[in-house]
Amino acid sequence: MAKVLVVTSGKGGVGKTTSTAALGAALAQGGQKVVVVDFDVGLRNLDLVMGAERRVVYDLINVVQGDAKLPQALIRDKRVDTLHLLPASQTRDKDNLTTEGVARVMADLREQFDWVICDSPAGIERGATLAMRHADIAVVVTNPEVSSVRDSDRIIGLLDSKTELAERGERVEKHLLLTRFDVNRAERGDMLKVDDVLEILSIPLLGIIPESAEVLRASNLGTPVTLSDAGSAPARAYMDAARRLKGESVPMLVPSDKKGLLGKLFGRRAA
Ligand SMILES: Nc1ncnc2c1ncn2[C@@H]1O[C@H](COP(=O)(O)OP(=O)(O)O)[C@@H](O)[C@H]1O
Ligand SMILES: [Mg+2]
């Protein structure tokens with residue numbers, strides 16, 4: 001039986017789709033059977049980031065409406081064969097996603113996969129609440145800046161009220177994924193500190209993903225960053241986050257540039 005995970009945030013452009021692809025790929029690379037589901041109807045980002053845009057025939061709405069069977073819409077990744085994508089429609093309106101239809105599709109997916117990872121649209125409207133509705137676990141993607149933290153706080157409120165677990169009086173397990181963490185800006189004091197974000201949101205930290213040109217390069221290649229350059233800093237951070245999701249205890253590294261690190265080591269040695 002799968003764990004259903006929603007990647008959510010409130011604010012757009014913080015790294016939800018990037019994180020869905022990277023965490024999905026990382027879990028699948030570890031042998032888990034994974035499906036990533038694009039709930040961002042209208043933008044269809046996830047298929048691009050996964051490099052599957054030319055292979056989309058049927059989508060989530062087709063399956064929800066009964067126009068296609070689930071196996072017809074699922075796209076198996078060409079690089080990792082335990083990784084699958086259920087794409088979103090580019091053209092049809094998100095109002096075509098009925099609550100009952102989504103519930104049926106999620107129940108089917110739960111039976112077939114170890115992980116069902118839902119990429120949420122931005123905002124706090126219907127699309128976002130549909131994406132989180134069946135979640136057991138939420139990854140709240142946040143950038144270290146005030147507006148992003150504020151929106152994440154609102155999303156945490158929704159997770160505690162508008163999900164099936166909340167309606168049963170239970171809790172969605174929530175994790176903070178701090179993304180686009182810019183070492184230089186952090187050192188200049190231009191960003192919120194990790195501890196400040198943790199204190200405001202008070203949910204456990206799943207990982208810190210550095211701002212990196214490698215993420216953009218991977219996205220342009222249509223390859224999750226954990227596959228395009230597994231040794232890069234963002235890929236390693238996503239791999240560690242995926243291991244924590246599986247319950248492993250992995251030490252947390254706060255990203256720092258080499259100069260800063262050497263400076264610290266040097267400073268310590270000199271002291
Ligand atoms: N760690 C990162 N480093 C650099 N760019 C990033 C990083 N994470 C995301 N991005 C870029 O930020 C933009 C928005 O990311 P995306 O995952 O689409 O966000 P969302 O799904 O939350 O709207 C994309 O251009 C993406 O490549
Ligand atoms: Mg997105």
Side-chain angles (χ1 to χ4, degrees), residues 5-26 36-53 59-60 85-90 94 117-125 127-132 138-145 147-152 154-155 175-186 190-192 194 197 205-242 253-257:
L5 189 152
V6 64
V7 179
T8 187
S9 73
K11 195 169 191 281
V14 292
K16 289 182 294 298
T17 300
T18 303
S19 300
T20 302
L23 291 174
V36 289
V37 185
D38 194 347
F39 272 88
D40 204 352
V41 181
L43 286 176
R44 228 178 61 155
N45 279 326
L46 191 55
D47 56 344
L48 291 171
V49 175
M50 301 282 293
E53 72 276 12
D59 56 55
L60 176 63
L85 164 71
L86 181 53
S89 160
Q90 196 167 32
K94 60 178 172 298
I117 307 184
C118 305
D119 183 19
S120 175
I124 54 168
E125 307 298 330
T129 50
L130 266 181
M132 69 171 61
V139 171
V140 180
V141 178
T142 308
N143 296 162
E145 51 180 58
S147 65
S148 175
V149 173
R150 193 191 308 126
D151 287 355
S152 290
R154 297 182 74 182
I155 282 293
H175 299 274
L176 176 68
L177 188 64
L178 208 52
T179 55
R180 312 204 65 172
F181 185 87
D182 186 321
V183 173
N184 295 318
R185 289 185 61 204
D190 290 350
M191 284 185 332
L192 290 178
V194 176
V197 180
L205 184 61
L206 183 68
I208 306 171
I209 314 297
E211 174 80 14
S212 161
E214 186 52 41
V215 173
L216 206 59
R217 208 176 73 83
S219 166
N220 288 337
L221 288 172
T223 309
V225 68
T226 55
L227 288 169
S228 70
D229 184 354
S232 66
R236 279 184 285 133
Y238 277 120
M239 291 283 197
D240 284 354
L253 294 173
V254 178
S256 66
D257 63 17

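Both ligands and their constituent atoms are indexed starting at 1 by order of listing. Given the structure is predicted, the values throughout are model-derived calculations rather than measurements. These values consider heavy atoms only, across backbone and side chains, with no hydrogens, waters or symmetry-generated copies.
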Ligand 1 contacted by Leu216 (non-hydrogen, < 4.0 Å): yes
Within-cut-off N or O pair, Val14 and ligand 1, under 3.5 Å: yes
Student check: side-chain heavy atoms of Thr18 and Thr179 closer than 4.5 Å: no
Protein heavy atom at shortest distance from atom 2 (C) of ligand 1: Val215 CG2, 3.6 Å
Residue pair Val225 / Ser232, side-chain heavy-atom distance below 4.5 Å: yes
Whether Ser212 lies under 4.0 Å from ligand 1, heavy atom: yes
Region of Pro210 that comes within reach of ligand 1 [heavy atoms, distance under 4.0 Å]: backbone
Min side-chain heavy-atom separation Leu86-Val36 under 4.5 Å: no
4.5 Å side-chain heavy-atom contact, Ile208 and Val254: yes
Heteroatom test (N, O or S) for Thr17 near the Mg ion (ligand 2), limit 2.8 Å: yes
Sub-4.0 Å heavy-atom contact, Ser19 with ligand 1: no
Enumerated ligand 1 atoms positioned under 4.0 Å from heavy atoms of Glu211: 1 (N), 3 (N), 4 (C), 5 (N)
Spacing of CE belonging to Met132 relative to CG belonging to Leu5, to within rounding of 0.5 Å: 12.5 Å
Nearest non-hydrogen protein atom, atom 18 (O) of ligand 1: Thr17 CB, 4.0 Å
Within-shell test, Thr179 vs ligand 1, heavy atom, strictly < 4.0 Å: no
Any side-chain heavy-atom pair of Phe181 and Ile209 under 4.5 Å: no
Side-chain touch Phe39/Val7, heavy atoms, less than 4.5 angstrom: no
Contact with ligand 1 for Gly13, non-hydrogen, under 4.0 angstrom: yes
Contact (N/O only, under 3.5 Å) between Ser9 and ligand 1: no
Beyond-backbone contact of Met191 with Glu211, side-chain heavy atoms, under 4.5 angstrom: no
Protein heavy atom at shortest distance from atom 17 (O) of ligand 1: Thr18 OG1, 2.6 Å
Beyond-backbone contact of Asp40 with Leu46, side-chain heavy atoms, under 4.5 angstrom: no
Taking atom 19 (O) of ligand 1 as the reference point, the nearest protein heavy atom with its distance: Gly15 N, 3.0 Å
For atom 13 (C) of ligand 1, the protein heavy atom that lies nearest, with its residue and separation: Arg180 NH1, 3.8 Å
Short side-chain to backbone donor-acceptor contact, Asn143 and Val14, under 3.5 Å: yes
